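Inspection log for the structure reproduced underneath, given as structure tokens.
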Number of protein chains: 2
Amino acid sequence: MRPIRHLPVAPPAPASCTSAVDDSVLAFADEAIDVRDDAGEALLQVGDIAKVSGKTVRAIHHYEEVGLLQPHARSKGRYRLYDQAAVNRVRWIGKLHDLGLSLSQIQEIVRTWEAAPSAPDAMSRMRAVYQQKLEETRAQIAHLASLERELEASIGYLDDCDTVCDPAELVRACTNCNHHDKSRPEPELVSGLHGGNGRAAAVRARVTP
Amino acid sequence: MRPIRHLPVAPPAPASCTSAVDDSVLAFADEAIDVRDDAGEALLQVGDIAKVSGKTVRAIHHYEEVGLLQPHARSKGRYRLYDQAAVNRVRWIGKLHDLGLSLSQIQEIVRTWEAAPSAPDAMSRMRAVYQQKLEETRAQIAHLASLERELEASIGYLDDCDTVCDPAELVRACTNCNHHDKSRPEPELVSGLHGGNGRAAAVRARVTP
DNA sequence: GGTAACCCTCACGCATACGTGAGGGTCAGG
DNA sequence: CCTGACCCTCACGTATGCGTGAGGGTTACC
């Protein structure tokens with residue numbers, strides 16, 4: 001199973017990302033409305049797709065390299081020109097990627113989809129894929145929620161250190177610390193800090209001199 | 001920011017992982033109780049640590065290579081011998097790794113911890129690190145929860161396909177499908193499927209012959 | 001002392017998802 | 001025509017976290 005990606009710290013995409021094709025696309029596009037397809041739809045170049053989707057140009061190229069995305073057309077000078085559907089596609093790729101799917105797995109999905117004999121058949125296959133991902137995602141959320149609780153507990157535990165511990169105390173003394181509520185054990189996120197460096201808590205030295 | 005790891009499908013660690021050092025450690029250990037340190041504590045060899053922590057032996061070695069873990073001692077034949085604290089340490093590494101920290105970042109934490117002038121000082125630094133991770137984790141959970149909702153919506157949407165769509169319909173016809181509730185838009189996880197391959201929904205061909 | 005089950009130390013391999021130039025056109029406005 | 005802002009096509013580079021032998025000891029038990 002692939003790791004689930006972490007959300008970037010910087011805004012991954014311009015504010016509105018809810019509607020499938022929103023106006024921000026056109027807002028960006030009007031800097032470069034120069035080509036339209038036969039349906040009169042504005043075509044975007046790769047930089048526009050990048051801005052709208054929050055991906056880099058290189059990433060878009062990469063998606064094309066692995067067969068996940070094709071430009072609708074090329075300009076006379078071989079510039080890639082994309083239709084609006086490409087925006088959906090790139091966002092879709094991003095979401096599945098965030099869900100932990102690798103690009104080749106996404107490729108697999110696309111192939112499955114396109115090779116399906118009939119529409120309902122394709123849909124049921126997709127449903128199965130999404131259903132499994134849903135379960136994995138829920139498990140992942142539960143896992144993170146559990147880690148979240150551990151973080152909270154550890155922070156609470158560490159808070160005590162600031163209030164009751166002698167500021168002159170050394171970290172090595174923490175293993176003998178008795179300033180904490182002894183009813184509950186030290187959080188693992190704290191206990192992992194001391195120890196593991198080979199020096200046992202209780203008696204040390206004399207074994208590896 | 002590093003990606004947050006996905007939980008393995010296979011059980012990552014033997015059932016009980018709540019208490020810092022539980023009996024399962026000793027249960028595993030009794031297969032190989034052969035060495036004890038000066039405090040009489042049973043020492044484990046690398047394979048035991050691996051079993052207890054759910055990591056591979058190679059991973060444990062790797063942690064040592066990057067300086068995150070040291071055996072308490074070595075046997076006469078250069079076998080690594082670990083104390084119980086090592087179990088905590090390995091689990092701790094695993095958790096921080098699951099939280100999206102790279103091994104070098106974890107290293108950084110250890111260095112910060114060990115270099116701190118005083119215990120309360122070290123604790124407050126740790127608190128800050130954990131606090132930030134907590135926020136990132138919450139954001140990540142929110143992000144996944146949002147994707148979870150999208151998955152649910154998409155599954156619901158795809159369910160309709162199975163009931164109302166003509167089984168003879170081809171997938172290419174999905175773009176013109178009108179069997180769905182038109183009040184809400186097609187989920188992005190579905191719309192990403194058709195399109196993006198360069199063939200615009202409405203009119204096609206005639207541009208790139 | 002034979003054997004199974006471990007463990008040790010190199011040290012190269014790998015998969016992912018782009019990053020990062022290099023070297024060189026293209027487009028639109030002034 | 002010039003210029004700035006883009007875009008194109010190679011194609012090698014990178015960071016992570018171990019995996020995977022190779023070649024060879026070590027332990028413990030029978």
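Each chain gets a letter, A, B and so on, in the order its sequence line appears, and its residues count up from 1. In this text, all values refer to a predicted model and were calculated from it rather than measured experimentally.
For Val57(A), counting side-chain heavy atoms from C-beta on, the closest listed nucleotide (dC18(C), dC7(D), dC18(D)) is dC7(D). Nearest nucleotide to the side chain of Gln45(B), out of dA17(C), dT9(D), dC6(C): dC6(C). Listed candidates were dT9(C), dC7(D), dC18(D). Nearest to the side chain of Val46(A) is dC7(D).
As rounded to whole Å, 10 Å separates atom C1' of dC6(C) from atom CG of Asp48(B). As rounded to whole Å, 17 Å separates atom P of dG17(D) from atom CD of Glu64(B). Atoms CG (Leu43(B)) and C1' (dC6(C)) sit 17 Å apart, rounded to a whole Å. Distance, His97(B) NE2 to dG17(D) C1': 7 Å, rounded to whole Å. Look at CG on Leu44(B): it is 15 Å from P on dC6(C), rounded to the nearest Å. Summarising the geometry, the separation between CD1 on Ile93(B) and P on dT16(D) is reported as 16 Å, rounded to the nearest angstrom. Atom CD of Gln107(A) is separated from atom C1' of dC18(C) by 16 Å (rounded to the nearest Å). The separation between Lys55(B) atom NZ and dG17(D) atom C1' is 10 Å, rounded to whole Å.
To the nearest 0.5 Å, atoms OH (Tyr63(A)) and NZ (Lys55(A)) are separated by 4.0 Å. One finds the CG atom of Leu158(A) at 9.0 Å from the CG atom of Leu189(A) (value rounded to the nearest 0.5 Å).
Put simply, Arg80(B) has no side-chain N or O that comes within less than 4.0 Å of OP1 or OP2 on dC7(C). Between dC7(D) and Ser75(A), no contact under 4.0 Å exists linking OP1 or OP2 to a side-chain N or O. Between dG19(D) and Thr56(B), a contact under 4.0 Å exists linking OP1 or OP2 to a side-chain N or O. At the phosphate of dC7(D), neither OP1 nor OP2 sits under 4.0 Å from any side-chain N or O atom of Arg78(A). Between His62(B) and the phosphate of dT16(D), there is no side-chain N or O to OP1/OP2 separation shorter than 4.0 Å. At the phosphate of dC18(D), neither OP1 nor OP2 sits under 4.0 Å from any side-chain N or O atom of His61(B).
Scored by the ring-ring contact (aromatic ring centres under 6.0 Å, His included) test, Tyr79(B) finds no partners at all (sequence neighbours excluded). Applying the ring-ring contact (aromatic ring centres under 6.0 Å, His included) rule to His180(B) yields the partners Tyr157(B); only residues at least two apart in sequence or on another chain are considered. Every residue two or more places apart in sequence or in another chain was checked for a side-chain hydrogen bond (donor to acceptor under 3.5 Å, both in side chains) with Asp162(A), and none qualifies. With sequence neighbours left out, the side-chain hydrogen bond (donor to acceptor under 3.5 Å, both in side chains) criterion links Glu150(A) to Lys95(B).
Side chains of Glu136(B) and Gln132(B): a donor on one and an acceptor on the other come within 3.5 Å. No hydrogens or angles considered: nothing links the side chains of His143(B) and Glu148(B) as a donor-acceptor pair under 3.5 Å. Side-chain contact, His194(A) with Glu186(A): a donor N or O sits under 3.5 Å from an acceptor N or O.
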Between the protein and nucleotides 21-25 of chain D, which nitrogen or oxygen pairs come in under 3.5 angstrom?
from    : atom 1 : to       : atom 2 : distance (Å)
dG25(D) : N2     : Tyr79(B) : OH     : 2.6

Within the sub-3.5 Å range, which N or O atoms of nucleotides 10-13 of chain C have a protein N or O partner, and how far apart are they?
none

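With salt bridges taken as basic N to acidic carboxylate O contacts below 4.0 Å, none links Arg149(A) and Glu152(A).
Closest-nucleotide positions on DNA chain C for Tyr82(B) and Lys76(A) were compared, and the one nearer the 5' end corresponds to Tyr82(B).
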